[in-house]
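One structure below.
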There are 2 protein chains.
Amino acid sequence: MKTKLKEGSIRLFEEKGFSATSVQDIVEAAGVTKGTFYYYFQSKEQLLMDIHSDYIGDLLMRQEAIRQSEASSREKITSIIGLLIVDIEQHGPSGRVFFREMRHLKQANAEAVKRKREQFRMNIEELLRDGVASGEFRRQIQPDMAAFAILGVTNWSYQWFNPAGSIPAEKLAEIFSDMLLNGIMSEGGKEHVGISNH
Amino acid sequence: MKTKLKEGSIRLFEEKGFSATSVQDIVEAAGVTKGTFYYYFQSKEQLLMDIHSDYIGDLLMRQEAIRQSEASSREKITSIIGLLIVDIEQHGPSGRVFFREMRHLKQANAEAVKRKREQFRMNIEELLRDGVASGEFRRQIQPDMAAFAILGVTNWSYQWFNPAGSIPAEKLAEIFSDMLLNGIMSEGGKEHVGISNH
DNA sequence: CCTCACATACTAACTAGTTGGTATGTTCAG
DNA sequence: CTGAACATACCAACTAGTTAGTATGTGAGG
């Protein structure tokens, strides 16, 4: 029943938002009453924290496996992009709740989640730094900003990508990896562009 | 007073979310009473629609100016990235409300906003198609997915970028333009990567 | 110059319903 | 007969929205 309450609430939070979803809505969707809800969860906020913890904990674990694998920086970055995009298929609703409803966590919980979120980002940053140091990536790349760019492309996909549509998640991951790694410009145009220093 | 109510509510919606912000909160922040609120706005939802219309309307207008300018596809794409990033400085809160609270608009309003949002995206897609056709951009680029990538990088910036921090908005726009146009990989590594067809 | 009709920009008090949370049961398996 | 897993009934606080009324301005006819 705990799982049913949690999974049902994810769908409701995604559709209506955390505040607009009442505990009554959640227990009705699960076919129980409020007594049951407060037997399993201390508060509505505690349930939201559970959802956040599950989501970011799982991603960090899977990112760690990629980090510790034997692969080039490029391959690791590509794997992380794949991890995030393919994850939409299974955890799209959780992700959307994660991105949108964090401000409804109380401060202590919000900080714990924020730290894990930042750890995920810093791990990408580190991979990028390694790749720049080894010459695999361009010298001009700023690892911190590049990490934000990668997370932007992938996280934004949660807002629009439909894994049941015409493009499979694996294909989208390839498209985005290619675009981020190789850029949009054709070879002829490249030398004209770059970061200016004025 | 109408402006004060609107601008105050944007800040509250950003901090607490639309549903968690009561009309009472809004009028207290503006120093008036609820009667005044309902004198200027038909409903709480109508106020949210106003915020959405203002935001997307302004962006579409400024995008149109870029589209109609005489410039290369690359320059136009760079300008649009700049438009969105520099906009964070002035309309960060509006943008965050726009991205997060659209599901609280009633259907008719949501559809109107969605159409304008899609128009903005399709305009980028068109610029990308032009660039691919003219050879300015790589043949392999898929304009629709590339548009989502660009919007991902820029829109995500609303979540983390602080224009008052050490990196000015104009600089960030340059960094992101460079990264999206030229990619992350160094020249030596490029030929190994690409979209496979298996 | 005055005043009457009307408009603008509000306020205080209210309604009808919903909220998260709690205190107190009841049921049934081990 | 115990305790885990639920249900019932309730509350104080809060919700969006409404109502009737009012202070201040404004413009035109006499």
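No experiment lies behind these values; they were computed from the predicted model shown. Labels below follow one simple rule: chain letters A, B, ... track the order of the sequence lines, proteins then strands, and each chain is numbered from 1.
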Taking only N/O atoms, report every protein-nucleotides 10-13 of chain C pair under 3.5 Å with atom names and distance.
{"unit_1": "C/dC10", "atom_1": "OP2", "unit_2": "B/Y40", "atom_2": "OH", "d": "2.5"}
{"unit_1": "C/dT11", "atom_1": "OP2", "unit_2": "B/T33", "atom_2": "N", "d": "2.9"}
{"unit_1": "C/dT11", "atom_1": "OP2", "unit_2": "B/T33", "atom_2": "OG1", "d": "2.8"}
{"unit_1": "C/dT11", "atom_1": "OP2", "unit_2": "B/T36", "atom_2": "OG1", "d": "2.3"}
{"unit_1": "C/dT11", "atom_1": "O5'", "unit_2": "B/T33", "atom_2": "OG1", "d": "3.4"}

Counterpart residues, side-chain contact (heavy atoms from CB on, under 4.5 Å), relative to A/S69 (two or more places apart): A/A71, A/K76
By side-chain contact (heavy atoms from CB on, under 4.5 Å), which residues pair with B/E15, not counting sequence neighbours? B/R11
Does B/D50 offer a backbone N or O that forms a donor-acceptor pair with the side chain of B/S53 under 3.5 Å? no
Mind checking what makes ring pair (Phe, Tyr, Trp, His ring centres under 6.0 Å) contact with B/F176, not counting sequence neighbours? none
Minimal non-hydrogen separation, B/R74 against B/F137, with atom names: N-CZ, 3.8 Å
For a 4.0 angstrom threshold against heavy atoms of chain B, report the outermost contacting nucleotides of DNA chain D in 5' to 3' order. D/dT15 to D/dT18
Restricting to side-chain contact (heavy atoms from CB on, under 4.5 Å), what partner residues turn up for B/S43, sequence neighbours left out? B/E45, B/Q46
Nearest whole Å is fine: how far is C/dT19 P from A/H104 NE2? 15 Å
Under 3.5 Å donor-acceptor pairs involving side-chain atoms of residues 115-132 of chain A, not counting sequence neighbours:
{"unit_1": "A/N123", "atom_1": "ND2", "unit_2": "A/Q63", "atom_2": "OE1", "d": "2.8"}
{"unit_1": "A/N123", "atom_1": "ND2", "unit_2": "A/Q119", "atom_2": "O", "d": "3.4"}
{"unit_1": "A/E126", "atom_1": "OE1", "unit_2": "A/R67", "atom_2": "NH1", "d": "2.8"}

Any idea how A/F99 and B/W156 line up, ring-wise: parallel (<30°), tilted (30 to 60°), or perpendicular (>60°)? perpendicular
Using a cut-off of strictly less than 4.0 Å between a heavy atom of the residue and any atom of DNA chain C, enumerate the qualifying residues of residues 10-25 of chain A by number. A/T21, A/S22, A/V23
Can you list every pair that meets salt bridge (Lys or Arg N to Asp or Glu O under 4.0 Å) and has a residue in residues 24-33 of chain B, with sequence neighbours left out? B/K16-B/D25
For residues 91-104 of chain B, pull every pair meeting side chain to side chain donor-acceptor pair (under 3.5 Å), keeping only residues two or more places apart or in separate chains. A/E101-B/R103, A/R103-B/E101, B/E14-B/R96, B/S19-B/H104, B/D87-B/H91, B/E101-B/H104
Does any N or O in the side chain of B/K4 come within less than 3.5 Å of the main-chain N or O of B/G31, such that one atom is a donor and the other an acceptor? no
Under the side-chain contact (heavy atoms from CB on, under 4.5 Å) test, residues paired with B/F37 that sit two or more places apart: B/L5, B/V23, B/I26, B/V27, B/F41, B/L47
Mind grabbing the angle between the end helix axes of the helix from C/dC1-D/dG30 to C/dG30-D/dC1? Five pairs an end, 10° rounding. 0°
